Protein chains: 2
Amino acid sequence: MTRELPIAGQPPAERADAARNRQKIIEVAARMIATHGADNLSLDEVAREANVGVGTVYRRFGDRTGLIYALIDAQEREFQAAFMTGPPPVGPGAPPAERVRAFLHALVDRKVSQRELFLQLESGPPSARFGGPYRVHHTHLATLLAQARPGADARFLADALLAPINASLISHQQSERGMTAEAIKTGMDDLLRLL
Amino acid sequence: MTRELPIAGQPPAERADAARNRQKIIEVAARMIATHGADNLSLDEVAREANVGVGTVYRRFGDRTGLIYALIDAQEREFQAAFMTGPPPVGPGAPPAERVRAFLHALVDRKVSQRELFLQLESGPPSARFGGPYRVHHTHLATLLAQARPGADARFLADALLAPINASLISHQQSERGMTAEAIKTGMDDLLRLL
DNA sequence: AGACTAACCGGAGAACTCTCCACTTACAAG
DNA sequence: CTTGTAAGTGGAGAGTTCTCCGGTTAGTCT
């Protein structure tokens with residue numbers, strides 16, 4: 001008897017068939033990326049493989065970037081929970097400067113581990129790059145920086161610290177210059193120490 | 001009698017008809033961008049407008065990004081000449097720290113003034129983003145930084161300073177947060193002062 | 001149960017980027 | 001001037017992303 005009760009002023013819940021399709025599409029896309037790589041992901045092919053029309057994919061996810069983002073979303077929620085309400089040093093409790101450092105390290109790890117997906121996401125339209133997650137990261141970082149470095153332009157500084165942690169730069173540093181994730185984190189530490 | 005003399009060991013010069021077509025394509029593309037915006041540039045349409053097959057466009061410029069780059073190239077050459085051999089403070093003669101600052105300011109201006117083109121270029125494949133110009137800028141900046149801040153990891157630092165000066169972030173800062181080019185330069189100055 | 005309707009579905013098709021290759025042409029050499 | 005050929009040409013077509021909309025269905029209400 002788990003009927004969906006209508007909630008006043010709430011957008012109507014997703015229909016059961018639609019939810020099934022969304023799930024199926026995400027599964028298929030994840031599988032196809034695992035085998036063929038994210039840059040060869042064709043939404044036509046995803047639709048075919050999921051036994052769904054291509055229109056359905058677009059209705060559910062808006063565009064290519066939207067689907068990519070859906071694949072990132074689960075980890076992004078975890079990440080946000082970690083720095084908003086999780087344990088120190090990344091969560092509240094530690095001194096701001098330390099939280100900044102922990103946050104940037106965690107972000108580097110995140111970009112490295114989902115490198116391919118972020119590469120796709122970041123080559124989409126700017127709205128995708130700076131919407132949602134970026135805004136949250138930026139606000140969070142700017143708040144910490146305002147505490148750690150009163151007087152500085154925290155918002156610009158946040159942009160400036162976030163900017164080097166982008167998938168295509170990291171990818172370039174790793175493949176073209178042989179840097180490891182650790183080396184990148186060390187670099188960020190140096191940068192922070194200088195500040 | 002201005003015949004092209006063959007130069008030993010040199011790749012053969014571009015044929016006259018090919019040069020004409022290249023020129024025509026660039027002109028048409030520039031005009032179409034001026035009227036319709038860079039993100040609505042269709043290479044099919046450029047080809048049609050230039051009375052040329054689409055194959056010719058691709059033979060000349062490789063891909064979409066290649067054509068975009070050709071439109072940026074003239075100013076890029078000027079820019080590189082300015083910081084390699086031009087007058088101080090951006091050119092040689094001024095102290096390294098000052099040259100760094102002048103270089104970053106000039107780069108901000110450049111990205112702002114050709115914002116649309118860079119936006120296109122930077123949303124292409126990473127090879128386009130970090131090929132050619134980036135490599136030159138990075139090498140130049142790293143060299144200056146090695147002099148100005150001996151002991152620091154100049155190469156990483158160069159990446160980190162170049163990263164915030166990217167077209168889509170700048171575009172976002174301008175349109176979404178109302179920052180001017182001056183505000184961005186001021187922010188970079190603050191960052192440099194902290195270092 | 002039956003009917004109503006908002007949400008959903010699928011696939012044709014428009015618009016684009018890029019590849020391929022049979023044909024054409026500029027131009028250096030004889 | 002003629003000729004050989006490397007360079008250049010153009011457009012058909014493959015493979016994408018995304019839009020549109022007539023037909024279908026899940027879930028609710030009586």
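In what follows, chains are A, B, ... by sequence order, proteins preceding strands, each numbered from 1. On a predicted model such as this, the values are computed, not experimentally measured, just so you know. Heavy atoms only: backbone and side chains are in, while hydrogens, waters and symmetry mates are out.
B:R59 comes within 4.0 angstrom of a base, heavy atoms only. Base contact: B:T56 has a heavy atom under 4.0 Å from a base atom. As judged by a 4.0 angstrom heavy-atom cut-off over every strand, A:N51 is placed among residues touching the sugar-phosphate backbone only. Within 4.0 Å of B:L67, counting heavy atoms only, lies no atom of the nucleic acid at all.
You'll find that the side chain of B:R64 is closest to C:dC18, out of C:dC18, D:dT9, D:dT17.
Mapping B:D44 and B:N21 onto DNA chain D by nearest heavy atom places B:N21 closer to the 5' end of the strand.
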Collect all protein-nucleotide pairs involving nucleotides 19-21 of chain D in which both atoms are nitrogen or oxygen and the distance is under 3.5 Å.
none

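Between B:H138 and B:F130, the distance from one ring center to the other does not fall under 6.0 angstrom.
Atom pair B:L41:CG and C:dA15:P shows a separation of 16 Å (rounding to whole Å applied). Atom-to-atom, CE of B:M32 to P of C:dA15 comes out at 14 Å; the value is rounded to the nearest Å. Between A:R15 atom CZ and C:dC8 atom C1' there is a gap of 5 Å when expressed in whole angstrom units. Atoms NZ (B:K24) and C1' (D:dG8) sit 17 Å apart, rounded to a whole Å. Going from atom CZ of B:R20 over to atom C1' of C:dT25 covers 11 Å, rounded to whole Å.
Other residues sharing the hydrophobic cluster of B:L41, ordered by chain and number and joined by side-chain separations under 4.5 Å: B:I25, B:I26, B:V28, B:M32, B:I33, B:L43, B:V46, B:V52, B:V54, B:V57, B:Y58, B:F61, B:L67, B:I68, B:Y69, B:L71, B:I72, B:L117, B:F118, B:L121.
The side chain of B:S42 places an N or O atom within less than 4.0 Å of a non-bridging phosphate oxygen (OP1 or OP2) of C:dT17. Proximity of A:R60 to the phosphate of C:dC8: a side-chain N or O atom is located under 4.0 Å from OP1 or OP2.
A salt bridge is absent between A:R20 and A:D17; no separation between the charged side-chain nitrogens and carboxylate oxygens falls under 4.0 Å.
A donor-acceptor pair under 3.5 Å is formed between the side chain of B:N166 and the backbone N or O of B:A163. Judged purely by atom type and a 3.5 angstrom limit, A:R99 has no side-chain atom pairing as donor or acceptor with the backbone of A:A94. Proximity of a side-chain donor or acceptor of B:R149 to a complementary backbone N or O of B:L195 within less than 3.5 Å is detected. Under the 3.5 Å distance criterion, the side-chain polar atoms of B:E122 are left unmatched by any main-chain donor or acceptor of B:R129.
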